[in-house]
Student: 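One structure coming up, written as structure tokens, with questions to follow.
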Amino acid sequence: MKYLTYLLISKTQYNIHSPYIFKLYCEIINASISKKKIGIERTQRSDKIIYKFANTFQPTNVYISSTSNTRTHTIINNALKNEHHIATPPLPLPSSIDMAIITSLEEWNTIKDKIHSKSIVIWQNQHRNKNTEQEYKTFKADNKVKVTIDMYYIAITLCLPRLHKEHYILR
């Protein structure tokens, strides 16, 4: 039922008024990519989005949730061409995080001081239950979070200070 509600309220690129978000959606989120490039079998849409963001922005320091599976590590390693560092709890965090893949508010509170204006935070499975939905709602209200793009199974978060606080629900 929650997914059906999402489908009814979600929008496409034709409903995006911000030129920056429109370009991001068309050139990264909605761009096609071959499964061979990602390097894993049976890719899901969220796998492709993680790959495309990592490949486009080439982060140096990546934080991956301890609850993420090994395929996320594979996707990140295949996407990054530069030298990079992946931190997974309980490893110590780097001084700044360029890209983070999280699944809870607790993780956000752990890393948010390491997030900078060009960081990309990806929240996985934000609608899996009422508790995570409430955590995600609290996360969106954080002053550091400027733009969220909710695609049901995955949400992209931008912290660019020049952007107005906005929440998109997109297909």
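Model, not experiment: these values are computed from the prediction.
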Student: Could you work out, with ring pair (Phe, Tyr, Trp, His ring centres under 6.0 Å) as the rule, every residue matching Phe22, not counting sequence neighbours?
Tutor: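 Ring pair (Phe, Tyr, Trp, His ring centres under 6.0 Å) check on Phe22 returns nothing, list empty.
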Student: Between Lys146 and Leu163 (side chain of the first, backbone of the second, donor and acceptor by atom type, cut-off under 3.5 Å), is there such a pair?
Tutor: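 No, the answer is negative, given that no donor and acceptor are paired below the 3.5 Å cut-off.
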Student: Between Asp98 and Asn61 (side chain of the first, backbone of the second, donor and acceptor by atom type, cut-off under 3.5 Å), is there such a pair?
Tutor: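 Yes, Asp98 side chain to Asn61 backbone: donor-acceptor pair under 3.5 Å.
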Student: Judged by atom type as modelled, is there a donor-acceptor pair below 3.5 Å linking the side chain of Asn129 to the main-chain atoms of Thr132?
Tutor: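 Judged by distance alone, yes, a pair lies under 3.5 Å.
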Student: Counting only heavy atoms not in Lys81, do more than 12 sit closer than 6.0 Å to its NZ atom?
Tutor: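 Atom NZ in Lys81 is packed in, count exceeds 12.
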Student: Parallel under 30°, tilted from 30 to 60°, perpendicular over 60°: which one fits the rings of His127 and Tyr152?
Tutor: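 Rings of His127 and Tyr152: parallel, as their planes differ by under 30°.
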Student: For the side chain of Gln58 and the backbone of Ala79, is there at least one donor-acceptor N/O pair under 3.5 Å apart?
Tutor: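 Yes: the side chain of Gln58 pairs with the backbone of Ala79.
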Student: Do Val145 and Asn143 touch side chain to side chain, with heavy atoms closer than 4.5 Å?
Tutor: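 Not touching, per the 4.5 Å side-chain cut-off.
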Student: If I compare all heavy atoms of Val121 with all of Trp108, which pair ends up nearest, and what's the gap?
Tutor: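 Between these two residues, the closest heavy atoms are CG2-CZ3, 3.8 Å.
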Student: Distance-only, no hydrogens or angles: does the Thr56 side chain make a donor-acceptor pair with backbone N or O of Lys52 under 3.5 Å?
Tutor: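 Confirmed, Thr56 side chain pairs with Lys52 backbone.
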Student: Could you tell me the separation between the OG atom of Ser104 and the CG atom of Asn131, rounded to the nearest 0.5 Å?
Tutor: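 Here the rounded value is 9.5 Å.
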Student: Heavy-atom distance under 4.5 Å between the side chains of Ile102 and Thr67, does that happen here?
Tutor: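 Not touching, per the 4.5 Å side-chain cut-off.
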Student: For the backbone of Leu160 and the side chain of Lys118, can you confirm whether one donor and one acceptor N or O come within less than 3.5 Å of each other?
Tutor: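 Looks like no, no N/O pair under 3.5 Å.
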Student: Are any of the side-chain heavy atoms of Arg45 and Ile154 separated by less than 4.5 Å?
Tutor: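 Counting from C-beta outward, Arg45 and Ile154 never come under 4.5 Å.
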Student: Specify the closest pair of heavy atoms between Ser66 and Glu107, including all atoms of both residues, with the distance to one decimal.
Tutor: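 Scanning both residues completely, I find the closest heavy atoms to be N-OE2, 3.7 Å.
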Student: Evaluate the side-chain proximity of Phe139 to Thr157: yes if any heavy-atom separation is below 4.5 Å, no if none is.
Tutor: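 Thr157 reaches Phe139 side chain to side chain.
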Student: Determine whether a donor-acceptor pair (N or O, by modelled atom type, separation under 3.5 Å) exists between the side chain of Gln126 and the backbone of Tyr136.
Tutor: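 Judged by distance alone, no pair lies under 3.5 Å.
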Student: Rounded at 0.5 Å granularity, tell me how far CD1 in Ile111 sits from OG in Ser96.
Tutor: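 The distance works out to 11.5 Å.
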Student: Walk me through whether Ser18 and Glu166 qualify under side-chain hydrogen bond (donor to acceptor under 3.5 Å, both in side chains).
Tutor: CA-CA 10 Å; Ser18 164; Glu166 197 155 356; over 6 Å; no
Student: Using atom types as modelled and distance alone, determine if a side-chain donor or acceptor of Lys112 lies under 3.5 Å from a backbone N or O of Lys144.
Tutor: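 Not a single qualifying donor-acceptor pair exists.
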Student: Are Asn125 and Thr103 packed together at the side-chain level, in the sense that at least one heavy-atom pair is separated by less than 4.5 angstrom?
Tutor: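 With C-beta onward as the side chain, the pair stays apart.
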Student: Could you state whether Met151 and Ile101 fall into the same hydrophobic cluster, counting links through intermediate Ile, Leu, Val, Met, Phe, Trp or Tyr residues with side-chain heavy atoms under 4.5 angstrom apart?
Tutor: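 Yes: a chain of side-chain contacts under 4.5 Å links Met151 to Ile101.
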Student: What's the shortest heavy-atom distance between Ala87 and Pro94, and which atoms?
Tutor: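 It is CB-CD, 3.9 Å.
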Student: If you look at every heavy atom in His167 and Asp150, which pair is closest and at what distance?
Tutor: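 Taking every non-hydrogen atom into account, CE1-CB, 3.6 Å.
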Student: Roughly how far apart are Ile156 CD1 and Ile50 CD1, rounded to 0.5 Å?
Tutor: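 Rounded to the nearest 0.5 Å, the CD1-CD1 separation comes to 7.5 Å.
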Student: If I take atom CZ from residue Arg162 and atom OG from residue Ser117, how far apart are they, to the nearest 0.5 angstrom?
Tutor: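 These two atoms lie 9.5 Å from each other.
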Student: Is there side-chain contact between Met99 and Ile122, with at least one heavy-atom pair below 4.5 Å?
Tutor: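 Yes, close enough: below the 4.5 Å cut-off.
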Student: Return each pair, listed once, that meets ring-ring contact (aromatic ring centres under 6.0 Å, His included) where at least one residue sits in residues 33-82; pairs must be two or more places apart or across chains.
Tutor: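 For residues 33-82: Phe53-Phe57.
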Student: Would you tell me whether Ser68 and Gln124 have side-chain atoms, one donor and one acceptor, within less than 3.5 Å of each other?
Tutor: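 There is such a pair between these side chains.
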Student: How long is the span from the CD1 atom in Ile75 to the CD1 atom in Ile38, to the nearest 0.5 Å?
Tutor: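 Taking CD1 in Ile75 and CD1 in Ile38, the distance rounds to 6.5 Å.
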Student: Output yes when a side-chain donor or acceptor of Lys140 lies under 3.5 Å from a complementary backbone atom of Thr148, and no otherwise.
Tutor: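 Checking the backbone N and O of Thr148 against the side chain of Lys140, no donor-acceptor pair under 3.5 Å is found.
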Student: Considering only heavy atoms from C-beta outward, does the side chain of Asn82 approach that of Thr60 to under 4.5 Å?
Tutor: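 Yes, side chains in contact.
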Student: With a sphere of 6.0 Å drawn around NE2 of His116, does it hold more than 12 non-hydrogen atoms of other residues, nucleotides or ligands?
Tutor: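 More than 12 heavy atoms, drawn from other residues, nucleotides or ligands, come within 6.0 Å of this atom.
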Student: Are side-chain heavy atoms of Asp47 and Arg71 found at a separation under 4.5 Å?
Tutor: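 Yes, at least one pair of side-chain atoms sits under 4.5 Å.
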Student: Strictly distance-based, threshold 3.5 Å: is any side-chain N or O of Thr110 a donor or acceptor partner for the main-chain N or O of Glu106?
Tutor: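 Flag set: sc Thr110 to bb Glu106 pair under 3.5 Å.
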Student: Can you tell me how far CD1 of Ile149 sits from CD1 of Ile21, rounded to the nearest 0.5 angstrom?
Tutor: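 Ile21 atom CD1 to Ile149 atom CD1 measures 4.5 Å (nearest 0.5 Å).
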Student: Are Leu93 and Ile120 connected in the hydrophobic side-chain network, where two residues link if heavy atoms are under 4.5 Å apart?
Tutor: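 Different clusters.
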